[in-house]
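Numbers here are sequence positions counted from 1. For clarity, every value in this text was computed on a predicted model and none was experimentally measured.
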Amino acid sequence: WHDTMTSPWIVLAASLFLAWFAPTIALRLVLALFPFYAIMRWTIAGVPVTFPEIAIVVLAGVMVVRSLLSSFRPRSLSGEKFHLGESPSNGVRSLVRRGLLGMTKWWGYPWVILPLLWLVVGTIAAIGSPAGMRAWGIWKAYFVTPIAVFFVIRALRDRLDGIRDIIVPLAIGAVGVAAIGVWRHW
């Protein structure tokens, strides 16, 4: 079933707004709505997309942009002190030292390298697939979205309470889908 009432651009704009101003609330909403992925489904450039996929990719993108913007800000503006004569710590060196998305020296950790290698493997498989655009839909659904969820949760780990902010939204979504299933059955 494809949603013809709601534009994917409205969902994109709402996701962008919520991700920019309240990333933890955006993550909770996405996790709660993951079980409802089939309710809002569209096709963008021939690739099928769902609400949770749009929202999580937007959330990850906003977090990368915010991290880049904060890393190119002089230390005095970001709360750290720097003295006259000392060059502000900004730019690429700051990204390497402090880390993108709060991860210091990201290339030294297997929990970063392995998902990225998995993404490369999936990309190579999608490029060589005879399924065409359907392969890119599967690539997005089974490779990009789960890896984006992983990195978003990893980046927000200091602001999240594991049970309240991750498990409870997933449980609410599961109970909601189960309730709809029971209601439709009778």
Side-chain angles (χ1 to χ4, degrees), residues 2-45 47-80 89-91 94-104 106 109 111-112 115-116 119 140-180:
H2 291 289
D3 184 14
T4 57
M5 302 295 291
T6 309
S7 167
W9 306 112
I10 293 172
V11 172
L12 182 69
S15 299
L16 187 63
F17 179 80
L18 193 58
W20 187 265
F21 292 106
T24 56
I25 294 172
L27 178 63
R28 287 184 211 138
L29 180 65
V30 168
L31 291 175
L33 293 177
F34 258 130
F36 296 96
Y37 69 93
I39 291 177
M40 287 196 250
R41 207 182 310 187
W42 306 278
T43 302
I44 297 177
V47 178
V49 295
T50 64
F51 166 74
E53 292 168 346
I54 290 174
I56 200 65
V57 169
V58 165
L59 180 58
V62 164
M63 292 181 67
V64 167
V65 167
R66 289 183 76 158
S67 179
L68 287 172
L69 289 176
S70 69
S71 69
F72 284 98
R73 198 175 305 154
R75 279 190 268 171
S76 63
L77 296 177
S78 63
E80 301 173 20
S89 173
N90 56 12
S94 176
L95 280 177
V96 172
R97 188 173 38 244
R98 287 189 337 200
L100 183 63
L101 291 176
M103 298 181 282
T104 308
W106 58 272
Y109 296 104
W111 56 264
V112 174
L116 292 179
L119 188 61
K140 172 202 41 71
Y142 295 117
F143 291 90
V144 174
T145 304
I147 290 172
V149 169
F150 170 75
F151 281 120
V152 165
I153 290 173
R154 180 79 178 144
L156 291 174
R157 69 187 179 274
D158 295 335
R159 296 188 225 170
L160 295 175
D161 174 28
I163 298 295
R164 185 183 53 141
D165 293 332
I166 297 172
I167 304 299
V168 169
L170 287 170
I172 289 171
V175 168
V177 166
I180 290 172

Sequence neighbours excluded, every pair satisfying salt bridge (charged side-chain N to carboxylate O under 4.0 Å, His left out) that has a member inside residues 24-33: Arg28-Asp165
Summary of salt bridge (charged side-chain N to carboxylate O under 4.0 Å, His left out) pairs that have at least one residue in residues 7-25, sequence neighbours excluded: none
Counting only heavy atoms not in Tyr142, do more than 12 sit closer than 6.0 Å to its OH atom? no
Ignoring hydrogens and angles, write down the donor-acceptor pairs under 3.5 Å from the side chains of residues 53-65, residues two or more places apart or on other chains.
residue, atom, partner, partner atom, Å
Glu53, OE1, Thr50, N, 3.0
Glu53, OE1, Thr50, OG1, 3.4
Glu53, OE1, Lys140, NZ, 2.6
Glu53, OE2, Lys140, NZ, 3.1

Hey, does the side chain of Arg159 reach the backbone of Thr24 with a donor-acceptor pair shorter than 3.5 angstrom? no
Does the side chain of Phe150 reach to within under 4.5 Å of the side chain of Thr145, using non-hydrogen atoms? no
Does the Arg164 side chain pair with the main chain of Asp161, one donor and one acceptor, at a distance under 3.5 Å? no
Minimum heavy-atom distance between Leu170 and Leu31, given as atom pair plus value: CD2-O, 3.5 Å
Grab the two heavy atoms, one from Trp20 and one from Leu69, that are nearest each other, plus how far apart they are. CH2-CD1, 3.9 Å
Do you know the tightest heavy-atom contact between Phe36 and Gly173? CE1-O, 3.8 Å
Distance, nearest 0.5 Å, that separates CD1 of Ile166 from CD1 of Ile153: 4.5 Å
With a 4.5 Å heavy-atom cut-off, do Ser15 and Phe51 have their side chains touching? yes
